[in-house]
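Quantities reported herein were computed from a predicted structural model and do not represent experimental measurements. Read the numbers this way: they start at 1 and go in the same order the structure lists the ligands and their atoms. Quick note: residue numbers are just sequence positions, from 1.
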Amino acid sequence: MIVKLEKVLAPHRVSTARDDLDNWGRDWTRSFVVAPSAVVFPETVQEVVAITRLANTEGFALVPSGGRTGLSAGAVASHGEVVVSFDRMNRILDFNETDRVLRCQAGVVTAKVHAFAEENGLFYPVDFSSSGSSQIGGNVATNAGGIKVIRYGMTRDWVAGLKVVTGAGEVLELNRGLVKNATGYDLRHLLIGSEGTLGFVVEADLRLTEPPAPSRVMVLGVDRMKDILSVLTRFQADVTLSAFEFFSELAVERVTRHRTLARPLESSSAFYALLEFDAQDESPALAAFGDSVASGWVSDGVMSQSEAQARALWALREGITESIAPETPYKNDLAVRISDVPGFLDDVEHAVGRIYPDLEICWFGHIGDGNVHLNILKPPGLAVTAFYERCDAMAPELFKLVAARGGSISAEHGVGMLKRDYLEFSRSAAEIEIMRAVKEALDPNGVMNPGKLLP
Ligand code: 2HG
Ligand code: ZN
């Protein structure tokens, strides 16, 4: 297999070195076996086609690999697969000013798209903490969301076209940058969020938009979760929000210690809401703040007066993941309808408290779109494996609560291997059967990312 791969690619772009396998064989998850048999670095679409065809004829499996920032083990190679890295397909190929669409290769880092858009007086609005290393191909494969979804939607909303190599090795040009196209099933959207199980995204056409107006950031202290939604409703009546995030006091405590940041407010609250809106909306925002205090929903608040202050307030939210990483949290990325969030948080607190009263929960996330990140922290004395075993044992209880509210077991991180066996809590048996049939049609020999997404 290696010799044949070396014929398809130059030998220096096929690696079996231990360090390379360890590095490219994993994402940000740490609890899965990492055991690829090789890592390959194609530079052209034709090379991706050749690798895929070889996998079909030789019977080996492929794992697409981007910036490896995933949190669901969608890009972990645990069973001798060949990892296909897009690190060398990292060019922006074209930009059309009239269409406001850029075409890039899958390995372009998200931040490079942000910078390119800015250089051209425009804006690419999909943004998240890992945008400095995540790649567009991975964003498309997981339909990445992030911190601006409330205003701009998910990656799906910004993809005007895709070039993909299916699991059978066919090249498809999907939608070709069109705004309107009513010619049947939109296969582009099938590939978006397919987690590398149907084929490789090799190029993407991304829409750009007007840059946002200068913004203000507010952090508000809120003691009762249900009041956060009253605050959201009150602000949304008069203010166009570009972010509405939340985090708990425990998260503030961890992130301020880890990054040596100042606390946002003098007093402490159970929760904090972080809002971002256009500076021109400052007066209605201050009125909404006044009403929220008068109604007893908000105890205190701060509003950025400069770019630096806005960045410092955002750091409180964006630094949470790295600040709790040493506590090897058991991560969950859940969604319910926005109005259901407070009830859902109560359900989960209650269930975790009943089963494991000694475990601490660090809540944060994108409450404005119903997506909450539940991180259960490992107590200091407990071994990592014993901790994950306890959490895994609790998972069905947790996902039942999600299912009871018609929610999603993965709002934005994807299913990967982490959630694969729980898919039935969010998708019906009929849906899963249809998903299998789709996979069969695009990847008849099952070479694309086996063991991910579908149980
Ligand atoms: C975020 O919103 C990311 O910061 C990571 O989706 C969430 O670490 C997490 O659980
Ligand atoms: Zn998130």
Side-chain angles (χ1 to χ4, degrees), residues 27-31 66-75 110-111 125-135 138-139 141-156 193 195 217 219 242-248 250-252 254-255 258-259 261 271-276 311 313-336 338 341 344-345 348 352 359-378 387-388 391 395 398 402 407-416 418-419:
D27 57 15
W28 275 359
T29 56
R30 287 295 173 266
S31 55
R68 304 185 306 286
T69 58
L71 294 166
S72 300
T110 317
V126 181
D127 196 8
F128 29 72
S129 324
S130 59
S131 59
S133 41
S134 71
Q135 295 178 2
N139 295 354
T142 55
N143 187 26
I147 53 182
K148 300 275 165 79
V149 171
I150 187 174
R151 176 129 161 206
Y152 294 106
M154 310 277 285
T155 297
R156 181 183 301 290
E195 300 190 24
V217 177
V219 171
S242 49
F244 192 89
E245 302 278 308
F246 90 112
F247 37 90
S248 63
L250 185 79
V252 166
R254 295 298 198 276
V255 75
H258 179 78
R259 285 218 180 164
L261 298 172
F271 298 103
Y272 300 83
L274 182 151
L275 296 72
E276 189 186 76
R311 272 198 304 277
L313 292 174
W314 264 117
L316 292 166
R317 165 64 184 86
E318 297 205 286
I320 299 171
T321 298
E322 69 179 55
S323 69
I324 56 175
E327 294 172 84
T328 52
Y330 178 76
K331 285 186 170 296
N332 274 287
D333 160 43
L334 310 169
V336 290
I338 303 164
V341 170
F344 176 67
L345 257 61
V348 174
V352 176
L359 295 183
E360 283 186 305
I361 297 182
C362 179
W363 286 111
F364 61 100
H366 321 282
I367 195 168
D369 56 48
N371 173 194
V372 292
H373 296 308
L374 159 68
N375 281 254
I376 303 179
L377 306 182
K378 184 183 79 60
F387 170 63
Y388 282 134
C391 292
L398 178 64
V402 176
S408 173
I409 59 164
S410 177
E412 59 173 0
H413 295 169
V415 176
L418 188 70
K419 300 285 177 62

* Asked: Would His413 count as a contact for the Zn ion (ligand 2), in the sense that one of its N, O or S atoms lies under 2.8 Å from it?
  -> no
* **Heteroatom distance test (His373, ligand 1): nitrogen or oxygen, under 3.5 angstrom** => yes
* Structure fact -> With heavy atoms and a 4.0 Å threshold, my read on which part of Phe128 contacts ligand 1 is neither
* Nearest heavy atom to atom 8 (O) of ligand 1: which of Glu318, Lys331, Arg317 does it belong to? -> Lys331
* Return yes if a side-chain donor-acceptor contact under 3.5 Å exists between Ser134 and Thr110, otherwise no. => yes
* Considering only heavy atoms, does Ile320 approach ligand 1 within less than 4.0 Å through its side chain, its backbone, both, or neither? -> neither
* **Contact atoms of ligand 1, heavy-atom distance to Glu412 under 4.0 Å** => 2 (O), 6 (O)
* Can you label the angle between the Phe387 ring and the Tyr330 ring as parallel, tilted or perpendicular, going by 30° and 60°? => perpendicular
* Taking only Lys NZ, Arg NE, NH1 and NH2, and the carboxylate oxygens of Asp or Glu, determine whether Arg254 and Glu327 approach each other closer than 4.0 Å. => yes
* Which atoms of ligand 1 are found less than 4.0 Å from any heavy atom of Ser129? -> 4 (O)
* Asked: In the protein, which heavy atom is nearest to atom 6 (O) of ligand 1, and how far is it?
  -> His413 NE2, 2.7 Å
* Does Gly365 come within less than 4.0 Å of ligand 1, judged by its heavy atoms? -> no
* Side-chain donor-acceptor pair present, Asp333, Ser410, cut-off under 3.5 Å -> yes
* To do: Taking the side chain as every heavy atom from C-beta outward, state whether Leu250 and Leu377 have any pair of such atoms under 4.5 Å apart.
  => yes
* Proximal ligand 1 atoms for His366, defined as those under 4.0 Å from one of its heavy atoms -> 2 (O)
* Assess Asp333: does it contribute an N, O or S atom lying under 2.8 Å from the Zn ion (ligand 2)? => no
* Asked: Is a side-chain donor-acceptor pair under 3.5 Å present for Glu245 with Trp314?
  -> no
* Structure fact -> Atom name of the N, O or S atom of Glu412 nearest to the Zn ion (ligand 2) is OE2
* Beyond-backbone contact of Glu276 with Arg151, side-chain heavy atoms, under 4.5 angstrom -> no
* Asked: Any idea which atoms of ligand 1 are less than 4.0 Å away from a heavy-atom of Thr321?
  -> 4 (O), 5 (C), 7 (C), 8 (O), 9 (C)
* Whether His413 and His373 hold their rings parallel, tilted or perpendicular, with breakpoints at 30° and 60° -> parallel
